[in-house]
Student: 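Dumping the structure here so I can ask a few things about it.
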Amino acid sequence: MNNIKIQSLLLIVSIFIFHFSLLIFPQAISDYKYSVSMVASDREYSDLEKSLLDIFKTTLAFENMYSENDAELELLLALKDIEESNKLAISVTVIQRLPDNIINERAKQEVFYSQLNAKKKSQLPSEGKLIREYVSAEYLKQFGMVIDNHLEIVDSGGLDEFVKAFVNKKLK
């Protein structure tokens with residue numbers, strides 16, 4: 001039981017130390033690589049949502065700031081068409097994910113399974129360790145801290161201008 005408490009405490013402390021270090025040792029936000037995802041308004045992306053997503057990916061790639069796999073920050077986009085106004089509401093949330101070294105260390109400790117009592121955990125088959133580590137890593141990749149949120153109303157035809165201005169003002 002104490003081992004579970006210690007592991008949980010270590011995870012919490014390592015998360016806070018990492019994010020606190022960002023405040024002490026600021027790094028230009030343009031030094032980061034970004035991934036981009038979007039909140040779909042329906043079961044799948046609308047043409048407008050696909051367009052916004054593609055424009056963000058293309059603009060960030062042009063600035064050498066885009067990475068699908070190695071991104072430290074994620075841009076979470078949301079788009080809403082404002083009826084009868086020819087305007088769009090665009091939300092961009094910047095999320096800092098946990099660093100790979102923390103994810104890898106906690107995955108080795110099978111943190112996803114840390115709530116099991118010691119007896120149950122000791123009975124888990126050793127052949128499943130690799131899968132438990134994978135599940136733990138995927139679980140930890142879902143954690144993030146919101147760094148910034150931006151909401152703007154733009155003209156329906158102004159997606160390109162909005163994205164370029166956002167990248168130049170907020171990310172460089």
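Since the model is a prediction, treat every value here as computed from it, not as a measurement. For this chain, numbers begin at 1 and follow the sequence in order.
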Student: Can you confirm whether Gln123 is buried at CD, in the sense that more than 12 heavy atoms of other residues, nucleotides or ligands lie under 6.0 Å from that atom?
Tutor: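 Yes, the 6.0 Å shell around CD holds more than 12 heavy atoms from other groups.
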
Student: Quick check: closest heavy atoms across Val39 and Tyr45, and the distance to 0.1 Å?
Tutor: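 Taking every non-hydrogen atom into account, C-CE2, 4.5 Å.
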
Student: Roughly how far, to the nearest 0.5 Å, is CG of Leu88 from CG of Leu52?
Tutor: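 Output value for this atom pair is 8.5 Å.
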
Student: Would you name the heavy atoms of Asn64 and Lys33 that are closest together and state the gap between them?
Tutor: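 Taking Asn64 first and Lys33 second, the nearest heavy atoms are O-NZ, 2.7 Å.
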
Student: Only pairs under 3.5 Å count here: list side-chain donor-acceptor contacts from residues 150-157, not counting sequence neighbours, and write none if there are none.
Tutor:
unit_1	atom_1	unit_2	atom_2	d
His150	NE2	Glu152	OE1	2.8
Asp155	OD1	Lys87	NZ	2.8
Ser156	OG	Asn86	O	3.1
Ser156	OG	Asn86	OD1	3.1

Student: Step by step, work out the ring pair (Phe, Tyr, Trp, His ring centres under 6.0 Å) result for Phe62 and Tyr66.
Tutor: CA-CA 8 Å; Phe62 179 77; Tyr66 179 74; over 10 Å; no

Student: Keeping the roles fixed (side chain from Thr59, backbone from Ile55), state whether a donor-acceptor pair exists under 3.5 Å.
Tutor: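 Pair found, side chain donor or acceptor close to backbone of Ile55.
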
Student: Would you say NZ of Lys129 has more than 12 non-hydrogen atoms from neighbouring residues, nucleotides or ligands within 6.0 angstrom?
Tutor: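 Check passes, neighbour count above 12.
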
Student: Would you indicate whether the side-chain heavy atoms of Ile95 and Leu73 approach each other to under 4.5 Å?
Tutor: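 No; the side chains remain at least 4.5 Å from each other.
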
Student: If the threshold is 4.0 Å, N to carboxylate O, is there a salt bridge linking Glu138 and Lys141?
Tutor: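 A salt bridge is present here (some side-chain N lies under 4.0 Å from a carboxylate O).
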
Student: Are the side chains of Gln109 and Arg106 in contact, using a 4.5 Å heavy-atom criterion?
Tutor: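 The answer is yes, as the side chains (C-beta and beyond) meet within the 4.5 Å cut-off.
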
Student: To the nearest 0.5 Å, tell me how far Arg97 CZ sits from Ile103 CD1.
Tutor: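 Between atom CZ of Arg97 and atom CD1 of Ile103 there are 4.5 Å.
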
Student: Answer yes or no: is there a side-chain heavy-atom contact under 4.5 Å between Ile102 and Pro99?
Tutor: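 Side-chain contact under 4.5 Å: yes.
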
Student: Nearest 0.5 Å, what's the CD-CG distance between Glu72 and Asp100?
Tutor: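 CG of Asp100 is found 8.5 Å from CD of Glu72.
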
Student: To the nearest 0.5 angstrom, please state how far the CE atom of Met145 sits from the CD atom of Gln96.
Tutor: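 Reported value, rounded in 0.5 Å steps: 6.5 Å.
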
Student: Going by heavy atoms in the side chains, are Leu159 and Ile90 under 4.5 Å from each other?
Tutor: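 With C-beta onward as the side chain, the pair touches.
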
Student: Identify the two heavy atoms, one from Glu68 and one from Ser35, that lie closest to each other, and give their separation to 0.1 Å.
Tutor: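 Nearest pair, atom of Glu68 first, then Ser35: O-CB, 4.4 Å.
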
Student: With a 4.5 Å cut-off on side-chain heavy-atom distances among I, L, V, M, F, W and Y, is there a chain of contacts connecting Val111 to Leu124?
Tutor: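 They do share one cluster, since a chain of ILVMFWY contacts under 4.5 Å joins Val111 to Leu124.
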
Student: Is any side-chain heavy atom of Asn149 closer than 4.5 Å to a side-chain heavy atom of Val94?
Tutor: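 Result no, sub-4.5 Å side-chain heavy-atom pair not found.
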
Student: Apply side-chain contact (heavy atoms from CB on, under 4.5 Å) to Val135 and Tyr113, showing your working.
Tutor: CA-CA 9 Å; Val135 169; Tyr113 299 90; 3.8 Å; yes

Student: More than 12 non-hydrogen atoms from neighbouring residues, nucleotides or ligands closer than 6.0 Å to NZ on Lys80, yes or no?
Tutor: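 Count not over threshold, so no.
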
Student: Which heavy-atom pair separates Phe112 from Ser136 by the least distance, and what is that distance?
Tutor: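 Taking Phe112 first and Ser136 second, the nearest heavy atoms are N-OG, 3.1 Å.
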
Student: What's the verdict on side-chain contact (heavy atoms from CB on, under 4.5 Å) for Leu53 and Leu79, showing C-alpha distance, side-chain angles and the deciding distance?
Tutor: CA-CA 10 Å; Leu53 190 60; Leu79 176 77; over 6 Å; no

Student: First locate atom OG of Ser91, then atom CG of Leu76, and finally report the distance between them rounded to the nearest 0.5 Å.
Tutor: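 Separation between the atoms: 7.0 Å.
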
Student: Do Asp148 and Val146 make a side-chain contact, defined as non-hydrogen atoms from C-beta onward lying under 4.5 Å apart?
Tutor: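 Counting from C-beta outward, Asp148 and Val146 never come under 4.5 Å.
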
Student: Minimum heavy-atom separation for Leu98 and Leu140, please, with both atom names.
Tutor: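 Answer, listing the atom of Leu98 first, then Leu140: CD1-O, 3.6 Å.
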
Student: When you check the side-chain N and O atoms of Ser37 and Glu74, is any donor under 3.5 Å from an acceptor?
Tutor: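 The answer is yes; a qualifying pair exists.
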
Student: What are the two closest heavy atoms between Val36 and Lys57, and how far apart are they?
Tutor: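 Residues Val36 and Lys57, closest heavy atoms: O-CE, 4.0 Å.
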
Student: Starting at CZ of Phe56, measure out to CG of Asp160 and round the result to the nearest 0.5 Å.
Tutor: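 Going from the CZ atom of Phe56 to the CG atom of Asp160 covers 11.0 Å.
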
